[in-house]
Amino acid sequence: MVRARTKPASKSPAAPRFAPGDKVRVADRPALGHCRTPWYLRGKRGEVASIHGVFRDPERLAYHQPGLPAQVLYKVRFRQRDIWGRYDGPQSDQLEADIFEYWLEPLK
Amino acid sequence: MHNPKHDHDHHDHDHDPHAPQKDHDAGTASAYEVLEEAVRALLLEKGVLSAQEIAASVDLIDSRSPALGAKVVAKAWTDPAFKKLLLKDTRAALKQMGIDIGAAPEFATVENTPEVHNVIVCTLCSCYPKMLLGIPPAWYKSIAYRSRTVVDPRGVLQEFGVGISDDVEVRVHDSTADLRYIVLPMRPKGTKGWSEDKLASIVTRDCMIGTAVAQAGVVRN
């Protein structure tokens, strides 16, 4: 299911680079201005849980641009213990966040 | 507003007891408030929006309250086909109930089970499923809730009176982008045979954020 908050102008959005189950790493890079990838997840490893669809790029939308090309948005699942140096809860605890494709790097 | 029935037993103040009540936000406008006012005035002046459209939009937001989300949860508890659709395509399920989320961000429903307890947060700002729950509570927007829920979800839940045992996974959802999340709480014991209306009465706002669990004896305000 591919959906956009506002319809992307491109009729054929790029095919998703990742599939559910793929291991990924959030890029560890700074960003200037509006960005929807939280700092605490940068450089962290996770797994693609699902593909939300294609949405206009918030990093461009925030500056009065059309937000195109639209970007694939993923639900990425992280183990809490992989995010924080010290996490007291059980090993099975997880966190999910919605991350755009250009912030994700493949991991073997 | 002056309430004539109010019992004035605090006459030790030396100010006029009938001085007009100031607006709660009577302080100096912040830069963002000034900006909002200026942009709004421009949009009206240029005819991009009408005052009626703005008022209708405010009215729509105000018409939403946790009671709406509770109705959705109660239906999911009693109608397996609806629940299946709600978890798969929340927008379509809501539409089936006559709830149109329109141009609002996409919705997703996450289900609490005996194995997983979900809790919603927005660390970047305060994204919240307004179209189903209305205006978020002040604590949801606080830096403390936003930062601590991702680092120490079990500690935060404990402060809400929700103890999650170690054999249950706690799953935090940080709504970082275009989706708004709502938790489908577990239907509590002792509610067999209840009508949808009665079930909806025990679905509190916090149950749908994940900072509470539904209980047969706890009724939504």
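Treat the numbers as computed from the prediction; the structure is a model and nothing was measured. Convention: sequence-line order gives letters A, B, ...; per-chain numbering from 1.
The closest donor-acceptor contact from the side chain of B:Thr176 to the backbone of A:Ala97 lies at 3.5 Å or more, if one exists at all.
Counting heavy atoms from C-beta on, the side chains of B:Pro105 and A:Phe55 never come closer than 4.5 Å. You'll find the side chain of A:Gln94 reaches within 4.5 Å of the side chain of B:Glu169, heavy atoms only. The closest side-chain heavy-atom distance from A:Gln80 to B:Val172 is below 4.5 Å.
In the displayed structure, B:Arg220 atom CZ is contacted under 6.0 Å by more than 12 heavy atoms of other residues, nucleotides or ligands. Applying the 6.0 Å contact sphere to OH of B:Tyr32 captures no more than 12 heavy atoms from other residues, nucleotides or ligands. Under a cut-off of 6.0 angstrom, the local environment of NZ in B:Lys83 is sparse, with at most 12 non-hydrogen atoms contributed by other residues, nucleotides or ligands.
Contacts of B:Val121 with chain A are absent, with no heavy-atom separation under 4.5 Å from either backbone or side chain. If you measure heavy-atom distances from A:Phe100 to chain B, the contacts under 4.5 Å come from the side chain alone. For A:Arg86, no part lies under 4.5 angstrom from a heavy atom of chain B. Proximity to chain A involves both the backbone and the side chain of B:Val150, based on heavy atoms less than 4.5 angstrom apart. For B:Cys127, the part lying under 4.5 angstrom from a heavy atom of chain A is the side chain only.
The CH2 atom of A:Trp39 sits 12.0 Å away from the CG atom of B:Leu124 when rounded to the nearest 0.5 Å. Atom CG of A:Leu95 is separated from atom OG1 of B:Thr123 by 8.5 Å, given to the nearest 0.5 angstrom. Residue B:His173 holds its NE2 atom at 5.5 Å from NZ of A:Lys75, rounded to the nearest 0.5 Å.
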- Item | Check against salt bridge (Lys or Arg N to Asp or Glu O under 4.0 Å), A:Asp93 and B:Arg154 | CA-CA 10 Å; A:Asp93 283 1; B:Arg154 286 174 185 267; 2.7 Å; yes

- Task: For A:Trp84 and B:Asp152, run side-chain contact (heavy atoms from CB on, under 4.5 Å): C-alpha distance rounded to whole Å, both residues' side-chain angles, the deciding distance at 0.1 Å, then the answer.
- Result: CA-CA 10 Å; A:Trp84 313 106; B:Asp152 180 22; over 6 Å; no

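Closest non-hydrogen pair, B:Leu179 versus A:Leu73, comes out as CD1-CD2, 3.8 Å. Between A:Arg36 and B:Cys125, the shortest heavy-atom contact is NH2-SG, 3.6 Å.
Residues B:Asp174 and A:Tyr40 have side chains that bring a donor and an acceptor to within less than 3.5 angstrom of each other.
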